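Quantities reported herein were computed from a predicted structural model and do not represent experimental measurements. Residue numbering restarts at 1 for every chain, and letters A, B, ... go by the order of the sequence lines.
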There are 2 protein chains.
Amino acid sequence: MNTIEKYDYRPNQVARGLINHKTRLIGIVTPKVSNAFHAELISQIEAEADRAHYNVIISNILGNFENEKKTFRIMKDRQVDGIILLHENTPDEMRELEEIVDFPIVLASVRVKDSLLPTVAIDDERAAFEAARYLCQLGHVRIAGVFSDSYSTGTLRRKGFLEGLQSWGIDRNSISLYTTECSFGGGIAVATEIKNQKNLPTAVFFASDEMAIGAINYFQDHGIRVPEDISVFSFDDIELSGFVRPRLSTIHQPIQDIGRKATDLLIKLIDEKPLSQREFLLPHQVIVRDSCANPRD
Amino acid sequence: MNTIEKYDYRPNQVARGLINHKTRLIGIVTPKVSNAFHAELISQIEAEADRAHYNVIISNILGNFENEKKTFRIMKDRQVDGIILLHENTPDEMRELEEIVDFPIVLASVRVKDSLLPTVAIDDERAAFEAARYLCQLGHVRIAGVFSDSYSTGTLRRKGFLEGLQSWGIDRNSISLYTTECSFGGGIAVATEIKNQKNLPTAVFFASDEMAIGAINYFQDHGIRVPEDISVFSFDDIELSGFVRPRLSTIHQPIQDIGRKATDLLIKLIDEKPLSQREFLLPHQVIVRDSCANPRD
DNA sequence: CTGAAAGCGCTTACAG
DNA sequence: CTGAAAGCGCTTACAG
């Protein structure tokens, strides 16, 4: 012990990894690290992993499934102890990925249809339902919804949104639906389409804050005021949403809790401890700020 | 070879790391992964590292030097091949960090006074000089500057800013200087101070976009219009700066090029290749958008 | 209880 | 040119 102190001996983690078959490395697989929502999540995961003496390897897969498979193979070669996946796949794709690795995978902030993988997320359907009801409450009738083509930010939120409107008795014909990417650019693209509609909706629900910010930008550029001419409600509550103008009314996702819980769950699985449940749906919140108003007509 | 194919054999990277004394792992050390500027930089570094078959370990140091030293020790234990540091330190602190590790370190987007470390950044002083001159050109005379307490975003940009104003003949007494953190919160804190000044400046230069966005938010909340009542010029040109209202006039940092170049440089050092120069100052750009106008008086 | 040996999965240097 | 041995830096199981 004295000698250890004296020479400041520190064991070589690579050698330990080889003998223990544990690297204390967690892989985070994400479509794009620089996405604001993911960056916050990654930051949180790193902090929680650090507490448990794990380190974190990140990887951008840039929306390409071949890339994602390659990444899983690399993580396997590197002998990471587990993966936190921030990306959705079809059930078939998911099965392909699971076959590549022999360590646990946890889904964070996303859900995969029919998957048996441990998941930490929110109730997307319920949250979108509440968002839709909020818009109805304000008096909106001609409403648009903008979603992605994936499961959580697409199917699930669209379903909840539609059910919310229906439960208020909104006519399906006065609802228009759009599909695009969860990015500033995606929002702009849809805003362009919406503007060219004959009959402008009085409110638009976006499945992500970044979409909403892009769209609001476009609306403002073209003389459409938010919320005076059009109300905007979105989803995620990234830090930024309180700093743009108008401040976004949005669904708050507990990013910190999701990151922390997903990390804890993965570590439990690595330690082969039993899980009390497979799916953790953390509480969301409807945040009312300045991007919604009553319709003018 | 046939057998390799047949059983899809893939060498264990941990074992290879042990024998080769190379892990093909790069450590990124950053104050906060979720900072927009850093997130874009990290994303870029990961992409470039991937191209060279390296993986990337990230670490939040959260502005604590003890934490940073601990991180360097962990990176050493993990036998990473090199570190890209996105954080500034005093020369003394930097020396302490250098002593911990035995592999190359590259500074990206920051500079350390008197350091001999390979660095990829922009000419902060020159860029701030140009920003100051731009404000003068618009006719501003009562000008405030907001900086951090570190070297690149503090000392260097402050120096260039002051020289720019001086070169235009602005009276030192009409310039007020502030120090805060490069975050939304830092910007809000300074905006509060500025608002309480007897004689409001007609233009404010912020050393980061995030500061500026926070401050603009505060100004707007308190009936101070940007740019009508006060012009705001900032620094970084994160993706967001084109999506807030008003769009930010700012100094463009070539984030992609910085990330790519820093990675290439580090890999060269890992391979013990010679560097053509120690410091690479990439070209910046003055981006004129909507947050600056002529002063009203 | 202490100390030497075996082994994790590779690569490299060397013997045949 | 091929194949067996040594060794990277640890940990674990076992002999003394």
Between [X] ([atom1]) and [N] ([atom2]), how many Å, whole number?
X       : N      : atom1 : atom2 : answer
A/Gln79 : D/dC10 : CD    : C1'   : 15 Å
B/Asp77 : D/dG9  : CG    : P     : 14 Å
A/Ile19 : D/dT11 : CD1   : P     : 8 Å
B/Arg78 : D/dG9  : CZ    : P     : 17 Å

Identify which nucleotide among [options] has an atom closest to any side-chain atom of [X], counting heavy atoms from C-beta outward.
X       : options                : answer
B/His21 : C/dG9, D/dC8, D/dC10   : D/dC8
B/Pro11 : D/dC8, C/dG9, C/dC10   : C/dC10
A/Leu18 : C/dG9, D/dC8, D/dC10   : C/dG9
B/Asn12 : D/dC10, C/dC10, D/dT11 : C/dC10
B/Asn20 : C/dT11, C/dC10, C/dG9  : C/dT11

Exercise. Are any non-hydrogen side-chain atoms of A/Leu265 and A/Phe280 less than 4.5 angstrom apart?
Worked result: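 Answer yes - side chains close enough.
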Problem set entry | Identified pairing partner of D/dT2, criterion: Watson-Crick or G-U wobble below 3.5 Å |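 Base partner found: C/dA15.
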Exercise. Are a donor atom and an acceptor atom from the side chains of B/Asp236 and B/Gln253 found within less than 3.5 Å of each other?
Worked result: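 Their side chains do contain a donor-acceptor pair, which is all the 3.5 Å distance test asks for.
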Exercise. Quick check: are there more than 12 heavy atoms from other residues, nucleotides or ligands sitting under 6.0 Å from NZ of B/Lys159?
Worked result: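 Not buried by this count: 12 neighbours or fewer within 6.0 Å.
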Exercise. So A/Arg95 and A/Asp92, salt bridge (Lys or Arg N to Asp or Glu O under 4.0 Å) or not? Walk me through it.
Worked result: CA-CA 5 Å; A/Arg95 238 163 279 136; A/Asp92 282 348; 3.1 Å; yes
Exercise. Do the side-chain N or O atoms of B/Arg16 get closer than 4.0 angstrom to the phosphate oxygens (OP1, OP2) of C/dG9?
Worked result: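 Answer is no, no contact under 4.0 Å.
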